[in-house]
Amino acid sequence: MSDRHEQVGIYPGTFDPITLGHCDIIRRGAKLVDRLIIGVTTNPSKNPMFSPEERMAMVEREVAAMGVQNAEVVGFNALLMRFAEKQGAQVIVRGLRAVADFEYEYQMAGMNQQLNDDIETVFLMADVSLQPIASKLVKEIAQFGGDISPFVSPAVKDDVVARVAQQGLKGDY
């Protein structure tokens with residue numbers, strides 16, 4: 001029997017909506033730890049399309065569809081490092097798409113290290129084919145009547161299209 005402690009990772013985000021890029025990071029991040037907690041957080045400055053409960057349900061559905069057995073979805077509205085400590089995490093998993101992501105994430109990792117240097121931040125580069133995908137852009141494309149199917153799963157596409165139908169399209173289509 002091993003004395004080894006369970007390695008717990010946190011992959012935090014708003015996931016509004018969850019994209020194929022997020023799913024790529026979840027699939028790959030889950031391979032690095034014994035248990036991956038996908039922390040669905042609130043960020044009112046991002047003008048969410050979906051409520052926290054809707055986003056959690058969406059992420060849970062996508063994780064189940066991917067068959068990732070060691071991941072769980074937990075909502076939080078707190079400082080990331082406090083959430084990570086409460087979950088017993090040793091690792092924060094972050095996805096990177098571009099240089100702009102790196103600059104922001106590097107700064108955040110430095111601040112988080114100041115708060116708790118026992119929790120490491122691990123950066124995963126998004127798959128090259130998924131690097132341009134951002135939830136904000138997916139929502140914008142959908143709101144102007146564009147096709148988002150290359151960026152999200154069919155189920156998420158249906159969720160977004162239904163929400164846009166409720167809210168109404170934007171622009172002069």
Side-chain angles (χ1 to χ4, degrees), residues 4-98 100-127 130-131 133-139 151-153 155-156 159-160 163:
R4 184 174 172 266
H5 291 286
E6 179 183 53
Q7 278 289 104
V8 178
I10 304 276
Y11 178 39
T14 52
F15 305 102
D16 186 51
I18 184 170
T19 67
L20 296 178
H22 292 130
C23 292
D24 176 55
I25 298 300
I26 291 167
R27 192 181 302 82
R28 292 169 44 221
K31 293 177 185 176
L32 303 177
V33 293
D34 298 313
R35 186 164 57 107
L36 180 66
I37 297 168
I38 303 156
V40 179
T41 188
T42 56
N43 188 342
S45 68
K46 288 192 173 184
N47 193 21
M49 178 177 273
F50 297 97
S51 72
E53 296 77 20
E54 289 170 323
R55 289 183 278 122
M56 285 184 59
M58 202 180 298
V59 173
E60 287 170 348
R61 182 188 64 214
E62 295 302 305
V63 169
M66 289 188 294
V68 178
Q69 299 296 315
N70 65 328
E72 65 181 281
V73 180
V74 178
F76 76 104
N77 183 18
L79 191 63
L80 173 59
M81 295 312 276
R82 286 201 181 122
F83 176 68
E85 290 164 358
K86 185 177 176 186
Q87 299 298 320
Q90 298 85 18
V91 176
I92 305 293
V93 175
R94 299 298 292 162
L96 295 176
R97 294 173 303 202
D101 280 352
F102 178 77
E103 291 172 0
Y104 172 77
E105 293 294 346
Y106 182 78
Q107 183 178 21
M108 289 300 299
M111 295 296 286
N112 286 338
Q113 185 180 33
Q114 294 293 315
L115 295 172
N116 185 334
D117 66 355
D118 290 330
I119 300 175
E120 294 293 335
T121 299
V122 174
F123 298 113
L124 294 178
M125 295 298 300
D127 183 277
L130 304 173
Q131 284 181 0
I133 301 173
S135 292
K136 178 182 176 181
L137 297 176
V138 168
K139 289 187 289 191
F151 314 118
V152 296
S153 73
V156 171
D159 292 339
V160 174
R163 184 56 45 94

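Throughout, residue positions are numbered sequentially from 1 according to the sequence presented.
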ring-ring contact (aromatic ring centres under 6.0 Å, His included) contacts touching residues 63-96 (sequence neighbours left out): Phe76-Phe83
Gap between atom [atom2] of [Y] and atom [atom1] of [X] - 0.5 Å precision:
X: Arg97; Y: Leu124; atom1: CZ; atom2: CG; value: 14.0 Å
X: Glu53; Y: Met56; atom1: CD; atom2: CE; value: 8.0 Å
X: Met81; Y: Ile10; atom1: CE; atom2: CD1; value: 9.5 Å
X: Leu115; Y: Leu80; atom1: CG; atom2: CG; value: 9.0 Å
X: Gln90; Y: Glu120; atom1: CD; atom2: CD; value: 10.5 Å
X: Ile18; Y: Cys23; atom1: CD1; atom2: SG; value: 4.0 Å

Side chains of [X] and [Y]: closer than 4.5 Å at any heavy-atom pair?
X: Val122; Y: Ile92; value: no
X: Gln131; Y: Met125; value: yes
X: Val93; Y: Ile25; value: yes
X: Arg35; Y: Glu72; value: yes
X: Val63; Y: Ile38; value: yes
X: Val160; Y: Val152; value: no
X: Val73; Y: Ile37; value: no

Kindly give the heavy-atom pair with the smallest separation between [X] and [Y], and that separation in Å.
X: Phe15; Y: Gly39; result: CE1-O, 3.6 Å
X: Val156; Y: Pro17; result: CG1-CB, 3.7 Å
X: Ala84; Y: Ile119; result: CB-CD1, 3.8 Å
X: Val8; Y: Gly88; result: CB-O, 3.7 Å

Summary of salt bridge (charged side-chain N to carboxylate O under 4.0 Å, His left out) pairs that have at least one residue in residues 84-95, sequence neighbours excluded: Arg94-Glu105
Donor-acceptor pairs under 3.5 Å, side chain of residues 64-71 to any protein atom, not counting sequence neighbours: which ones?
from  : atom 1 : to    : atom 2 : distance (Å)
Gln69 : NE2    : Gly67 : O      : 3.4
Asn70 : ND2    : Ala30 : O      : 2.8
Asn70 : ND2    : Val33 : O      : 3.1
Asn70 : ND2    : Asp34 : O      : 3.2

Can you name the ring pair (Phe, Tyr, Trp, His ring centres under 6.0 Å) partners of Phe50, sequence neighbours left out? none
For Asn112, all residues meeting side-chain hydrogen bond (donor to acceptor under 3.5 Å, both in side chains), sequence neighbours excluded: none
Report the C-alpha distance between Arg55 and Asp159 in whole Å, list the side-chain angles of each, state the deciding distance to 0.1 Å, and finish with yes or no for salt bridge (Lys or Arg N to Asp or Glu O under 4.0 Å). CA-CA 10 Å; Arg55 289 183 278 122; Asp159 292 339; over 6 Å; no
Can you list every side chain to side chain donor-acceptor pair (under 3.5 Å) pair that touches residues 11-30, not counting sequence neighbours? Asp16-Lys139, Thr19-His22, Asp24-Arg28
Side chains of Thr121 and Gln113: any donor to acceptor distance under 3.5 Å? no
